[in-house]
2 protein chains.
Amino acid sequence: MNITIKKIAEDLQLAVSTVSKALRDSHEISAATKARVFAYAAEIDYMPNPYASSLKRGRSGNIAVVLPEVADSFFSAAINGIEEVAQAQGYHVMVYLTHENVKTEQAIVRDFWNGRVDGVLISITSDAKDYNHLSELATRNVPLVFFDRICEDLNTTSVVTNDQECGYNAARHLIHRGCKKIAFLALFDDLSIVRKRLNGFQQALREYNFDLQQNPILYLTNDERFNKEQIRNILESKDRPDGIVGSVEKVVMQTYDVCREIRLSIPNDIRIIGFSHLQIAHLLNPSLTTITQPAFEMGKMAASILIKSLTKKSSMIRKEQIMIPSVLIERDSTK
Amino acid sequence: MNITIKKIAEDLQLAVSTVSKALRDSHEISAATKARVFAYAAEIDYMPNPYASSLKRGRSGNIAVVLPEVADSFFSAAINGIEEVAQAQGYHVMVYLTHENVKTEQAIVRDFWNGRVDGVLISITSDAKDYNHLSELATRNVPLVFFDRICEDLNTTSVVTNDQECGYNAARHLIHRGCKKIAFLALFDDLSIVRKRLNGFQQALREYNFDLQQNPILYLTNDERFNKEQIRNILESKDRPDGIVGSVEKVVMQTYDVCREIRLSIPNDIRIIGFSHLQIAHLLNPSLTTITQPAFEMGKMAASILIKSLTKKSSMIRKEQIMIPSVLIERDSTK
DNA sequence: ATGAAAGCGCTAACAT
DNA sequence: ATGTTAGCGCTTTCAT
């Protein structure tokens, strides 16, 4: 026979409800009985069946983390922060990767509509027009917290960094270093996070009287070959830029690769600054000037907010943006 | 009223069992009825309650991945592979981090004793003496597959790379490059994976008539400060080594840091080769010679084996080691 | 302080 | 081909 509450009840000559309450340390149960139950449960290695409990109580103790990818130091660090908070609070973390595919994201999120997880943390794939898979979560009482790649149209909390300001700072940093023509490497054309970084970038250009038309924006994708071709084209053009702002880690690394291939010297021929969480940015050749995002903290914050909402009766989360600032760290790539 | 099978049954004037069977596409149900059920279920966005199903069927559709950390390119890539297979097969991935803490690992794994997950993939924290938390899984019919950091005493499948051979190749590579004194940077003293790499390393030393006593082994930990101090001590000693084999990624990065701090030139003063899965090893300064592990493939393989076993009646897995070879990629750090 | 009983939503053995 | 029924293991009223 399986080790269930029922077995404990029989062996101890108690009712199942008594055992159940004792195990949850209910005040209705006498200290003596609790002690007997705990001792016996430990002795026979009783472990509650999580599915029976979830079914009955209507909550699973699981939270979902939906990410575009995991081969990015930002997302790895975010998982780390999320897992730390979850583990401390007794929650379980289910990880899903969308690989920047909206259809995949929709299928994954749809699966949360029916209580498979108590809440969802997401960094969206792309600001598609159709957020139904996400907005439906609220309808079904599954709270949602965005982090980093957020969707501003939904009424929930987002944990972000100061993207616009950092885009501004990145451009200004390059301008101060003497750059006359700066390219912005975007990822897709519809991520709010990238748009904000771009806005800040362009704001700085305007302030310094740069002609926006002369400072190209490259819309890159998830396809490394395509991206490198685009980057190469622009870097081999006659009037190539002398500065680059990379809006996400992977496009920065791709730029480094292209510079090697076509023998452009960083920072002599071209200066590069990138949004990244890479711990070894200082070990690159040349060391990379970064906008270093508080990935771990953002993960922790997002998970804390989500889990806090789960312990309340009404788990709905108010619309709010929590901002944790990034820091610009100057290194040799913009010297 | 919630959207359940019961509601569908009532609305369609059918029995719940008929609906249940129809939804699972049972051959017992007529095509016409199936069509009605499917159509109506889609119309009202019916989603099965996973907990009711899990409770009844005794399986959850979840697999656990237990890792020492996620800020390591090997483990990130492994998660990627695992998630890909899981998603394709309709399984859900729960991620747990032990942070190299055995107690944490035990607590996490104990929680799997009662069916929270259908199977477990693990890269163990440390070869502690006590494997009870793991061996008990088999007793309780929760299959387990090790990958990378395995435990050889248990009767199950492990997915590994050719660690011993790579340790050998790493040492030989340095010897061929002219190194006379080579230090091995171990992680802990009880990881089979590290022991094997060390064995291969020492085998090469013996073959080339090196005195093992003269080629130090550093047992490093999870504590970055401690590690750097150890590395620094040895690199500042009178008869410092002229070659380093780093057994895991983080100790290699720590060695790079120390070399900068004390202004040792790589590869002129010291050559470095490391086990790693870092995608940007070629962008480091200097580019890092690596034993590049097939992390993604190992994750995929481990997940495939686990999930395959879950679809059989007897889910026990036979003792076996699957070996996927790593490749040594020469770069400037050993030039 | 303890017990009896209903039921969460689904599945599957067993009718019909 | 469809229906009836008995649980899976737990929580939670509602007695006692």
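Naming convention: chains lettered A, B, ... in sequence-line order (proteins, then strands); numbering from 1 in each chain. Quick caveat: nothing in here was measured; it's all calculated off a predicted structure.
A:Thr33 and A:Ser30 form a side-chain donor-acceptor contact under 3.5 Å, judged by distance and modelled atom types alone. For the residue pair B:Ser60 and B:Ser54, no side-chain donor N or O sits within less than 3.5 Å of a side-chain acceptor on the partner. Between the side chains of B:Thr98 and B:Thr125, at least one donor N or O lies within less than 3.5 Å of an accepting N or O. Side-chain N/O atoms of A:Tyr40 and A:Asp11 include a donor and acceptor closer than 3.5 Å. Remark: the A:His133 side chain and the A:Glu105 side chain contain an N/O donor-acceptor pair separated by less than 3.5 Å.
By the side-chain hydrogen bond (donor to acceptor under 3.5 Å, both in side chains) test, A:Lys34 is found to be paired with A:Asp25, residues two or more places apart in sequence or in another chain being considered. Remark: A:Arg140 pairs with A:Glu136 by the salt bridge (Lys or Arg N to Asp or Glu O under 4.0 Å) rule, at least two apart or across chains.
Using a cutoff of 4.0 Å between basic side-chain nitrogens and carboxylate oxygens, A:Glu100 and A:Arg149 are scored as salt-bridged. The pair A:Lys319-A:Glu152 does not meet the salt-bridge criterion, since no charged nitrogen lies less than 4.0 angstrom from a carboxylate oxygen.
Of the residues in residues 5-27 of chain B, those lying under 4.0 Å from DNA chain C by heavy-atom distance are B:Ile5, B:Ser17, B:Ser20, B:Lys21, B:Arg24. Within residues 43-50 of chain B, the residues that place at least one heavy atom under 4.0 Å from DNA chain C are, in residue-number order, B:Tyr46, B:Pro48, B:Asn49.
Rounded to 10°, the angle separating the first-five-pair axis and the last-five-pair axis of the helix from C:dA1-D:dT16 to C:dT16-D:dA1 equals 40°.
Going from atom NZ of B:Lys34 over to atom P of D:dT2 covers 10 Å, rounded to whole Å. In this structure, CG of A:Leu55 is placed 12 Å from P of D:dC10, rounded to the nearest angstrom. The nearest whole Å value for the distance from the CD atom in A:Glu28 to the P atom in D:dC14 is 13 Å. The interatomic distance linking B:Asn114 (CG) with D:dG9 (C1') rounds to 10 Å, in whole Å.
With DNA chain D read from its 5' end, the first of the two nearest nucleotides for B:Ala31 and B:Arg57 is the one closest to B:Ala31.
When the shell of 6.0 Å around CE of B:Met94 is examined, it contains more than 12 heavy atoms from other residues, nucleotides or ligands.
Taking all atoms of both residues into account, the shortest heavy-atom contact from A:Val93 to A:Ala86 is CG2-CB, 3.4 Å. Across every non-hydrogen atom of B:Leu306 and B:Val120, the tightest pair is CD2-N, 3.7 Å.
Contact footprint of chain B on DNA chain C: nucleotides with an atom under 4.0 Å from a non-hydrogen protein atom, first to last in 5' to 3' order, C:dG9 to C:dC14.
You'll find the ring centres of B:His92 and A:Tyr96 inside the 6.0 Å limit.
Remark: B:Ser54 is not in phosphate contact with D:dC8, judged by side-chain N or O atoms under 4.0 Å from OP1 or OP2.
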